[in-house]
Amino acid sequence: MNIIKIWTDELLTVRKDIGILLFVVAMPLFYPLLYVSVYTLETQRDVPIAIVDADNSPTSRQFVRNLDATPEVKVAAHCTSVAEAQQLMEREEVYSVVVISNDFENNLHKGKQSVVGLYCNMCSMIYYKNSMLACSNVSIAMNREIKVENYIHANTEHEAQIVQAPIDYKHTPLYNTAQGYGSFLMPPVLMLILQQTLLLGIGMSMGRTRELTGGYALPSSRHYRNAFEIVTGKSLFYLLLYLLWGVYAHIFVTKLFGLPQLGHYSDFILFIVPYLAACTAMGVTLSFLIYHREDCMLLFVFMSLPLLFMSGVSWPANNMPETIKWISYLFPSTFGLNAYVRISSMGASIADVNREMIGIIIQIAVYSVAACGLYYIKLRQKRRRRANGILGI
């Protein structure tokens, strides 16, 4: 009965506090929609570039036409000098400059190598990627044509194709078929949003309790007598609430924006329940660091971006220092983000992510014991204060 009473108290606390409602209801409901909608277009097309063609020969003009025909970039300006193109880049009218030297065609006729210069605005790696990809593809295609025309004369079109590419290859993206930024990044971000808003909600709840009780972590209610019952009651409330948000993110948000959803629903449920349990247990444990409602903003909000990088989703984990790796294992997001990407984007089963699930289960055990231990200490302090009050001390 005490567990139910504690669960009910947590529900009433959330209902009465607009700040907690904002973090545990409004943000999980609307923030995924806002965040994913930014990346709806998936890929960047037609990045504006400037051309400085000092050669102005038929071959150089063909190179520029081929470049403009690619989906990655569009020729937005023809400049007479690099300085003029640089001014356009400073005004962000273009994001890359392609420079063709005045001996471009001459070198090709003489059998020498010609160089095309590419200068990119590195304010975004996507601009660099598109510009480099377009220039590389055009250069490779023209190299093949020049090879056949000038060095090896094929008798048939089929022979020409073989000469151009003796070893042909096919590029097939396996899981992110659109090769879009949204399909790559949004699935793990959805799980990170659940963890971070959950930490903020539990932290705000603890801050409110301390403000109402003069700095103590326990309410004056007689139902708060057992550490295990307190942790179970509080955790069950947030676990059930966020299980709803987890299903909402996986089913509604991913379908609404066409994100990958290859895994089975049963595997998702077997993943999301332990993951949210680990996040809740960690939230209850870390909430003891919160003495004012605003503290959780300073403690948890800034962690979002580092946690995304430390998870190994956006940056390879094998390139991280060992110290950072070990620190990342303290957070459920490290295991949860990787497991969810494999389930939703790659169609993995729960058995395929057993390493991540073992990590999550260990975190549930460790953080649950830690939370119970901290509440046990607080309960002993509470009993000691009562005893001292009876004795008149």
Side-chain angles (χ1 to χ4, degrees), residues 23-46 71-72 124-126 129-130 133 171-199 241-276 278-279 304-317 331-353 355-357 360:
F23 285 119
V24 302
V25 176
M27 285 186 69
L29 180 62
F30 296 109
Y31 196 59
L33 298 176
L34 174 64
Y35 205 99
V36 179
S37 64
V38 175
Y39 301 96
T40 302
L41 295 179
E42 290 277 8
T43 56
Q44 176 70 44
R45 299 295 188 189
D46 291 332
E72 289 82 17
S124 172
M125 290 297 293
I126 295 178
K129 172 196 167 187
N130 279 31
L133 184 62
H171 175 233
T172 305
L174 294 177
Y175 303 113
N176 186 358
T177 54
Q179 300 185 67
Y181 195 73
S183 296
F184 152 70
L185 190 62
M186 288 305 102
V189 166
L190 291 177
M191 293 299 106
L192 186 61
I193 290 173
L194 294 180
Q195 174 184 282
Q196 295 304 94
T197 55
L198 182 53
L199 294 179
L241 175 62
Y242 269 78
L243 183 58
L244 172 65
W245 295 134
V247 173
Y248 162 77
H250 178 68
I251 295 178
F252 179 75
V253 176
T254 55
K255 285 196 173 183
L256 179 64
F257 293 97
L259 298 177
Q261 198 181 53
L262 301 179
H264 294 289
Y265 291 119
S266 58
D267 293 314
F268 169 73
I269 294 299
L270 291 174
F271 152 75
I272 196 65
V273 173
Y275 172 66
L276 292 177
C279 294
S304 300
L305 192 58
L307 288 178
L308 181 63
F309 280 103
M310 286 194 296
S311 68
V313 172
S314 63
W315 183 259
F331 300 94
S333 54
T334 300
F335 301 107
L337 270 59
N338 284 280
Y340 183 67
V341 166
R342 293 190 176 106
I343 291 173
S344 65
S345 300
M346 302 181 183
S349 66
I350 199 69
D352 295 324
V353 294
R355 175 182 173 275
E356 286 78 11
M357 296 309 299
I360 289 174

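Keep in mind it's a predicted model, so treat the numbers as computed, not measured.
- Looking only at side-chain heavy atoms (C-beta outward), Phe271 and Arg342 stay at 4.5 Å or farther from each other.
- Looking at Ile350 and Val353, their side chains come closer than 4.5 Å, going by heavy atoms from C-beta outward.
- Counting all heavy atoms, side chain and backbone alike, Pro32 lies closest to Val253 at CB-CG2, 4.2 Å.
- For the atom pair CD1 of Ile360 and CZ of Arg355, the computed distance is 11.0 Å after rounding to the nearest 0.5 Å.
- Gln196 pairs by the side-chain hydrogen bond (donor to acceptor under 3.5 Å, both in side chains) definition with Ser304, not counting sequence neighbours.
- Between the Tyr35 side chain and the Ile193 main chain, no donor and acceptor come within less than 3.5 Å of each other.
- Checking side-chain atoms of Gln195 against main-chain N and O of Ser333 turns up a donor-acceptor pair under 3.5 Å.
- In this structure the side chain of Val247 never reaches within 4.5 angstrom of the side chain of Ile272, judged on heavy atoms.
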Item to complete: For side chain to side chain contact (heavy atoms under 4.5 Å, CB included), just list the numbers for Val341 and Leu337, CA-CA rounded to whole Å, side-chain angles, deciding distance to a tenth of an Å, and then say yes or no.
Response: CA-CA 6 Å; Val341 166; Leu337 270 59; 5.5 Å; no
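- Evaluation of the side chain to side chain contact (heavy atoms under 4.5 Å, CB included) rule for Leu244 yields no partner, not counting sequence neighbours.
- Judged as a side-chain hydrogen bond (donor to acceptor under 3.5 Å, both in side chains), the pairs with a partner in residues 343-352 (not counting sequence neighbours) are, in order, Ser349-Asp352.
- Of the inter-residue distances, the one linking His264 atom NE2 with Ile343 atom CD1 reads 11.0 Å to the nearest 0.5 angstrom.
- Under the 4.5 Å side-chain criterion, counting only non-hydrogen atoms from C-beta, Phe257 is not in contact with Met186.
- More than 12 heavy atoms of other shown residues, nucleotides or ligands fall within 6.0 angstrom of atom OH in Tyr248.
- Between Tyr340 and Thr254, the closest heavy-atom pair is OH-CG2, 3.9 Å.
- By the ring pair (Phe, Tyr, Trp, His ring centres under 6.0 Å) test, Phe23 pairs with no residue at all, sequence neighbours left out.
- The shortest side-chain heavy-atom distance between Leu185 and Leu308 falls under the 4.5 Å cut-off.
- The side-chain hydrogen bond (donor to acceptor under 3.5 Å, both in side chains) check on Tyr242 picks up Thr197, with sequence neighbours excluded.
- Applying the side chain to side chain contact (heavy atoms under 4.5 Å, CB included) rule to Tyr265 yields the partners His250, Ile251, Lys255, Gln261; only residues at least two apart in sequence or on another chain are considered.
- Here the shortest heavy-atom pairing between Cys279 and Leu198 reads CB-CD2, 3.6 Å.
- Taking CG from Leu307 and OG1 from Thr334, the interatomic distance works out to 6.5 Å, rounded to the nearest 0.5 Å.
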